[in-house]
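The chains referred to below are lettered A, B, ... by the order of the sequence lines, with proteins before strands, and numbering in each begins at 1.
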Amino acid sequence: MNREDLANLIFPSITKTIEDYEKEYPPRNLPENAKVTRFAPSPTGFMHIGHFMPALIDYVLAHQSKGVFYLRNEDTDQTREVEGAVEYIRTVLATYGLNPDEYEYKDLKETKGEYGPYIQSERKEIYHAFIKHLIIEGKAYPCFLTQEEMDAIREAQSKDKRRIGIYGRYAKYRDLPVEEAIKRIESGEKFTIRLKSTGDFNHKFKFNDLAFGELEFPENDIDIPIMKSSNGLPTYHFAHLVDDHLMRTTHVVRGQEWISSIPVHYELFKAFDFKMPKYIHIPLILKKDGEKIRKISKRYDPEAKMSFYEEKGYPTYAVIEAIMTIANSNYETWREGHPDAPFTDFEFSPKKMSASGALFDLDKLDNISKNYLSHLTKEQIYKEVLNWSSKYDLEFNEILKKYPDYSMAIYNIEREQKKPRKDYSYYSEIKDKTWYMYDEYFYDINYDFKEYNLEEVKKVLKTYLDNDYFNESDTQEEWFNKIKEMTTNLGYASEVKMYKEDPTKYKGSIIDITNIMRISLTTLDNTPNLYNIMLILGKDRITERFNRILN
RNA sequence: GCGGUGUUGGUGAAGUGGUUAACACAUCAGGUUUUCAUCCUGACAUUCAUGGGUUCGAAUCCCAUACGCCGUACCA
């Protein structure tokens, strides 16, 4: 009996060879230097910013080289799989405009691309063919170590301060005679398939990472599992090898946490004599937690999840900008020179990527977002808030639908000018800053007139109404002159300067008068320009709101 | 423990032997304005983790140390 018998025993139905698959998935016919990238998430039901960043880079790289960006579903760990996860990933990608060129959406019964299946659990026989090949070649073997035995090994190694893993003398079954292995398998013993490593831990090799530059590692000498006994699916490492080779991936973009797996991947590719793709390991996104710095976590940091940005209502543009800024240090400078260019025009350079992890700065995001929103038209803002509120604030959504023009007028305050106001950073903030403009929200009001006593407040409001000062056709100057007139009549200084020169001569200044009016109309002492507010509110509302206080 | 990798202000960072150590965010101060936001002006690392060296000259080159982070699963 030989290794071929062993291989046939383990994979009786596998008839295709790796050469068959080579032919089935030939090199892609793409322009020179076109990059083939992939986004390969596990379907765990959420999207972490640490996954989104590589996806964004994948997309940029593929698109600016006229290559291919494909989506691969890495569902080899079915215990972690969550229903609807792929659908969710598709939605997030679509939201940010990162639609893959090749994919497989089971729920939609939609597939695109010639290099599928794009779902790992559907590629089982491909992996098996590759594993079978390895077994025949004597480069992989069945291992009968039980979980308990492995735990014991680990414990002993850790106690003796040795490297942990199944290697050297710990790899008990690597030289098991074929006959023996066959006997055990035939008797129904469980086994995993391990790589028969040929590496020497004391021998180092150099590896070039596009982001980190030259790295040095000891060779892998661990007989890593390549096929799980639990479900016959390959481990990540093996699936990476097979899929990225067959799908003709040219560039693998992934988080820095994978850097330590390079020796394993290096050996795996060597075992088949396949060319390795280029690797771009990207920095981790970190989080400052008090004094400590750690990897951002979905559990403790809401901003780790992409849903956070969606719920809060950050424009996708701003999120992409913020992440690009972290990803490539010269992005901001580029953006200054190309304010209207799509981000895909930016020539992404892995070399310009910082090697150390970056703290994600929400203040910076706010700033980017604020600037972006300030340059939208009132129609655009309205449309976006409408869209956002339709998902996250139905009540507000109803009000917006009821008063489109009115709402747009609010958003337009000091907007159509060279340097527009910057009021909002995200859509959920808009309601917080405009609620008082809507009668629907303007009830059960508690006014806080600060240092102004109610009698004085009433006097001001009454004077304004009695003189019928408000006229909707007044220019801002006319409107203001009337207020000045009232100010003087009531014994206040109509110019702040005058008041400052000699405060004893006046009851206060025009600031006090406008503030009293402002609080009366909005309950707030800081709002956009009062003239604009009043113009939008209109005479009836002004009268009604003033009278509310007078009575 | 072992392996890897990193360390320039509160944050993202530029910088590769000679710079006042860019730029942006944040913060603070002053000014403009009817408040706010905007806007304008200014401040904000004598110092590049620490200690040694090399050099006329170092954040930049070399060595050591410290610390951070990642990995070390039949998870990806």
NE2-CZ distance between H48(A) and F46(A), expressed to the nearest 0.5 angstrom: 7.0 Å
Map F212(A) and P420(A) onto RNA chain B by nearest heavy atom, then report which one ends up closer to the 5' terminus. F212(A)
Any residue meeting salt bridge (charged side-chain N to carboxylate O under 4.0 Å, His left out) with E83(A), in chain and number order, not counting sequence neighbours: none
Scan K352(A) against the nucleic acid and name what it touches under 4.0 Å (heavy atoms): base, sugar-phosphate only, or nothing. sugar-phosphate
Do you see a donor-acceptor pair shorter than 3.5 Å between the side chains of T475(A) and Y531(A)? no
For G71(B) and A64(B), measure between their P atoms and round to the nearest Å. 27 Å
Syn/anti state of G68(B) by chi, 90° boundary around 0: anti
So, E336(A) and T333(A): side-chain donor and acceptor under 3.5 Å apart, yes or no? no
Any side-chain donor paired with an acceptor under 3.5 Å for D221(A) and S197(A)? no
Of K139(A), R169(A), R174(A), which is the lone residue that meets salt bridge (charged side-chain N to carboxylate O under 4.0 Å, His left out) with D223(A)? R174(A)
Touch class at under 4.0 angstrom, heavy-atom based, for T527(A) against every strand present: base
Classify the nucleic acid contact of I259(A) as base, sugar-phosphate or nothing, counting any heavy atom under 4.0 Å across all strands shown. sugar-phosphate
Applying a 4.0 Å non-hydrogen cut-off, can you work out what T44(A) is touching in the nucleic acid: base, sugar-phosphate, or nothing? nothing
Answer with base, sugar-phosphate or nothing: what part of the nucleic acid does Y236(A) contact at a heavy-atom distance below 4.0 Å? base
For N220(A) and E267(A), does a side-chain donor sit closer than 3.5 Å to a side-chain acceptor? yes
Counting the atoms with a prime plus P, OP1 and OP2 as sugar-phosphate, which does K161(A) contact under 4.0 Å by heavy atoms, base, sugar-phosphate, or nothing? sugar-phosphate
Would you mind telling me which residue lines up with the more 5' stretch of RNA chain B, D77(A) or T514(A), judged by nearest nucleotide? T514(A)
If we count only N and O atoms by modelled type, under 3.5 Å, do the side chains of Y426(A) and D366(A) hold a donor and an acceptor together? no
Which residues, if any, of residues 195-205 of chain A bring a heavy atom under 4.0 Å of RNA chain B? F201(A), K204(A)
So the contacted stretch of RNA chain B, first to last nucleotide with an atom under 4.0 Å from a non-hydrogen atom of chain A, runs from G1(B) to A76(B)
With rounding to whole Å, what would you report as the distance between C63(B) and G68(B) at their P atoms? 23 Å
Qualifying residues under salt bridge (charged side-chain N to carboxylate O under 4.0 Å, His left out), relative to D77(A), sequence neighbours excluded: R80(A)
For the C1' atoms, the ones on U32(B) and on A24(B), what distance do you get once it is rounded to whole angstrom? 24 Å
Using a heavy-atom cut-off of 4.0 Å across all strands, would you classify M150(A) as base, sugar-phosphate, or nothing? base
Just to verify, what does Y317(A) make a ring pair (Phe, Tyr, Trp, His ring centres under 6.0 Å) with, not counting sequence neighbours? Y372(A)
Span that lies between the P atom of U27(B) and that of U11(B), in whole angstrom: 15 Å
With P as the reference atom in both, quote the distance from A58(B) to G18(B) in angstrom, rounded to an integer. 11 Å
Checking all strands, does Q476(A) fall into the base, sugar-phosphate, or nothing category for heavy-atom contacts under 4.0 angstrom? base
Touch class at under 4.0 angstrom, heavy-atom based, for S42(A) against every strand present: sugar-phosphate
For the residue pair Y266(A) and E219(A), confirm or rule out a side-chain donor-acceptor distance under 3.5 Å. no
Show your reasoning for whether side-chain hydrogen bond (donor to acceptor under 3.5 Å, both in side chains) applies to Y469(A) and E485(A). CA-CA 10 Å; Y469(A) 277 133; E485(A) 184 187 311; 3.2 Å; yes
Spacing of the P atoms in G51(B) and A14(B) (rounded, Å): 24 Å
Classify I483(A) by what it touches in the nucleic acid, base, sugar-phosphate, or nothing, heavy-atom distance under 4.0 Å. nothing
For the backbone of E149(A) and the side chain of T146(A), can you confirm whether one donor and one acceptor N or O come within less than 3.5 Å of each other? yes
Mind checking N529(A) for me? I need base, sugar-phosphate or nothing, with any heavy atom below 4.0 Å counting as a touch. base
Map every base of RNA chain B to its dot-bracket character, where paired means a Watson-Crick or G-U wobble contact with both distances under 3.5 Å and | marks a partner outside the strand. ((((((((.[[[..)..(....]]].(((((.......))))).....[[[[[..)....]]]]])))))))....
Give P528(A) one of three labels, base, sugar-phosphate or nothing, depending on what nucleic acid heavy atoms sit under 4.0 Å from its own. base
Between G42(B) and U50(B), how far apart are the two P atoms, rounded to whole Å? 31 Å
Taking atom types as modelled, is there a side-chain donor on E81(A) or T44(A) under 3.5 Å from an acceptor on the other? no
Between C48(B) and C25(B), how far apart are the P atoms? Round to whole Å, please. 26 Å
Assign Q417(A) to base, sugar-phosphate, or nothing according to its heavy-atom contacts below 4.0 angstrom with the strands shown. nothing
Categorize N367(A) for me: base, sugar-phosphate, or nothing, with a 4.0 angstrom heavy-atom threshold over every strand shown. sugar-phosphate
